[in-house]
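See below for the structure under consideration.
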Amino acid sequence: MILGNLYPLLLGILHPMLTTLDGGDLDAVRAELRALRESVRRSLADVRRIIYDLRPMALDDLGLVPVVKRLVEEYNEKYPFYIEFRVHGREERLKPMIEVALFRMIQEALNNVVKHAEATLVQLVLEFLPLKVRLRIKDNGKGFDLEALKDRPTFGLMGIRERVKLLRGEIDIQTRPGAGTDLRIEVPIYDQGTGTAKGPEDKTERDDG
């Protein structure tokens, strides 16, 4: 799929240069080569972003907490608000599907802060409990009317809700105009009494409900 998307992009980059070569204009060829170099640089950045969006590779090696720390550092450098990240409980590795889903929910929630909140402070708390993980993302931004969004749901919140549902978790959003937003998520990670990982396997399961 990625290669299929890259083919027309590269063809569009190369075609003007090949046309210029046929015309014999060396100055124009040099200009086209400079433009090609910049286009390739941007295209490589896009490919890296696409691959990272499919699955953050560092999750496999480092785990959820280090990757979230890195994400927080990037946001703190890039955006005009400060994220305070805390971890409670005994940190542990989770099933890959759970780690990816939690990371994506954190990422999406922070992107919503960037786009809409106008916040100066975000509190991000990840809490490891014996049977579940709690995630809380609270900002001091402008908040919003949650009831009004029921008629026009945003893709960001829809994506978060769908991931929570897939993991058989719970979500609670507290917000109102002028009062910031408090997002709380709980995701089960173990079956009580068995000590085995709880939640869907890393494949699509049938929904018996």
Side-chain angles (χ1 to χ4, degrees), residues 49 52-56 58-59 63-92 94-95 97-190 192 198-200 207 209:
R49 178 184 55 77
Y52 184 78
D53 285 345
L54 289 174
R55 180 180 181 86
L59 274 176
L64 180 62
V65 172
V67 175
V68 172
K69 285 181 179 177
R70 182 181 299 178
L71 180 71
V72 167
E73 290 171 359
E74 292 175 359
Y75 274 67
N76 281 340
E77 291 176 2
K78 188 174 182 180
Y79 298 110
F81 56 81
Y82 180 74
I83 303 172
E84 180 185 273
F85 179 42
R86 300 194 306 275
V87 178
H88 296 163
R90 189 166 71 98
E91 178 186 341
E92 60 180 299
L94 307 173
K95 292 176 65 176
M97 184 178 184
I98 295 176
E99 289 193 334
V100 170
L102 286 170
F103 178 78
R104 290 296 176 219
M105 289 188 282
I106 291 170
Q107 194 176 41
E108 191 59 58
L110 293 179
N111 284 339
N112 285 342
V113 174
V114 171
K115 296 175 184 176
H116 309 295
E118 299 178 10
T120 59
L121 177 65
V122 179
Q123 295 173 301
L124 170 55
V125 180
L126 192 60
E127 184 177 6
F128 292 86
L129 297 170
L131 301 176
K132 58 190 173 184
V133 170
R134 282 181 182 155
L135 171 63
R136 185 179 185 184
I137 303 175
K138 182 179 180 181
D139 69 67
N140 67 348
K142 63 182 183 180
F144 58 93
D145 186 344
L146 189 59
E147 289 296 319
L149 281 185
K150 290 183 177 180
D151 296 328
R152 48 181 183 86
T154 65
F155 288 110
L157 285 179
M158 284 176 60
I160 292 173
R161 290 184 187 277
E162 285 300 317
R163 292 183 193 277
V164 172
K165 181 180 179 181
L166 180 65
L167 296 177
R168 303 168 188 161
E170 298 178 0
I171 182 171
D172 179 59
I173 303 173
Q174 298 294 324
T175 184
R176 57 187 172 85
T181 301
D182 190 354
L183 171 66
R184 303 186 189 205
I185 293 169
E186 288 190 359
V187 173
I189 55 175
Y190 288 103
Q192 193 167 9
K198 186 178 181 180
D207 184 2

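Counting begins at 1 with the first residue of the sequence.
Shortest non-hydrogen contact noted between Ile160 and Ala109 is CD1-N, 4.0 Å. Between Glu170 and Val164, the shortest heavy-atom contact is N-CG1, 3.5 Å.
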Taking only distance into account, with no hydrogens and no angle test, what donor-acceptor pairs under 3.5 Å do side-chain atoms of residues 81-92 form with protein atoms, sequence neighbours excluded?
{"unit_1": "Glu84", "atom_1": "OE2", "unit_2": "Arg86", "atom_2": "NH1", "d": "2.6"}
{"unit_1": "Glu92", "atom_1": "OE1", "unit_2": "Tyr190", "atom_2": "OH", "d": "2.7"}

Show me the donor-acceptor pairs, under 3.5 Å and distance only, between side chains in residues 178-188 and residues at least two apart or in other chains.
{"unit_1": "Thr181", "atom_1": "OG1", "unit_2": "Thr175", "atom_2": "OG1", "d": "3.1"}
{"unit_1": "Asp182", "atom_1": "OD1", "unit_2": "Arg136", "atom_2": "NE", "d": "3.0"}
{"unit_1": "Asp182", "atom_1": "OD2", "unit_2": "Arg136", "atom_2": "NE", "d": "3.3"}
{"unit_1": "Asp182", "atom_1": "OD2", "unit_2": "Arg136", "atom_2": "NH2", "d": "2.7"}
{"unit_1": "Asp182", "atom_1": "OD2", "unit_2": "Arg184", "atom_2": "NE", "d": "3.3"}
{"unit_1": "Asp182", "atom_1": "OD2", "unit_2": "Arg184", "atom_2": "NH2", "d": "3.2"}
{"unit_1": "Glu186", "atom_1": "OE1", "unit_2": "Lys132", "atom_2": "NZ", "d": "3.2"}
{"unit_1": "Glu186", "atom_1": "OE2", "unit_2": "Arg134", "atom_2": "NE", "d": "2.8"}

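Residues forming a side chain to side chain donor-acceptor pair (under 3.5 Å) with Glu73 (at least two apart in sequence, or on another chain): none. By the salt bridge (Lys or Arg N to Asp or Glu O under 4.0 Å) test, Lys142 pairs with Glu118, sequence neighbours left out. For Tyr75, the ring pair (Phe, Tyr, Trp, His ring centres under 6.0 Å) test picks out Tyr79, with sequence neighbours left out. In this structure Glu162 satisfies the salt bridge (Lys or Arg N to Asp or Glu O under 4.0 Å) test with no other residue, sequence neighbours excluded.
Expressed to the nearest 0.5 Å, how far CG of Leu167 lies from CD1 of Ile98 amounts to 6.0 Å. Distance CG/Leu146 to CG/Leu157: 7.5 Å, rounded to 0.5 Å. Atom CG of Leu124 and atom NZ of Lys69 lie 11.5 Å apart (nearest 0.5 Å).
Side-chain contact between Ile137 and Glu108: absent, with no pair of heavy atoms (C-beta onward) separated by less than 4.5 Å. Contact annotation: the side chain of Leu102 approaches that of Met105 to within less than 4.5 Å [non-hydrogen atoms, C-beta and beyond].
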*Please assess Met97 against Leu166 for the test side chain to side chain contact (heavy atoms under 4.5 Å, CB included), listing each intermediate value before the final yes or no.*
CA-CA 10 Å; Met97 184 178 184; Leu166 180 65; 3.1 Å; yes
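In this structure, Asn140 contributes its side chain and Thr120 its backbone to a donor-acceptor pair below 3.5 Å.
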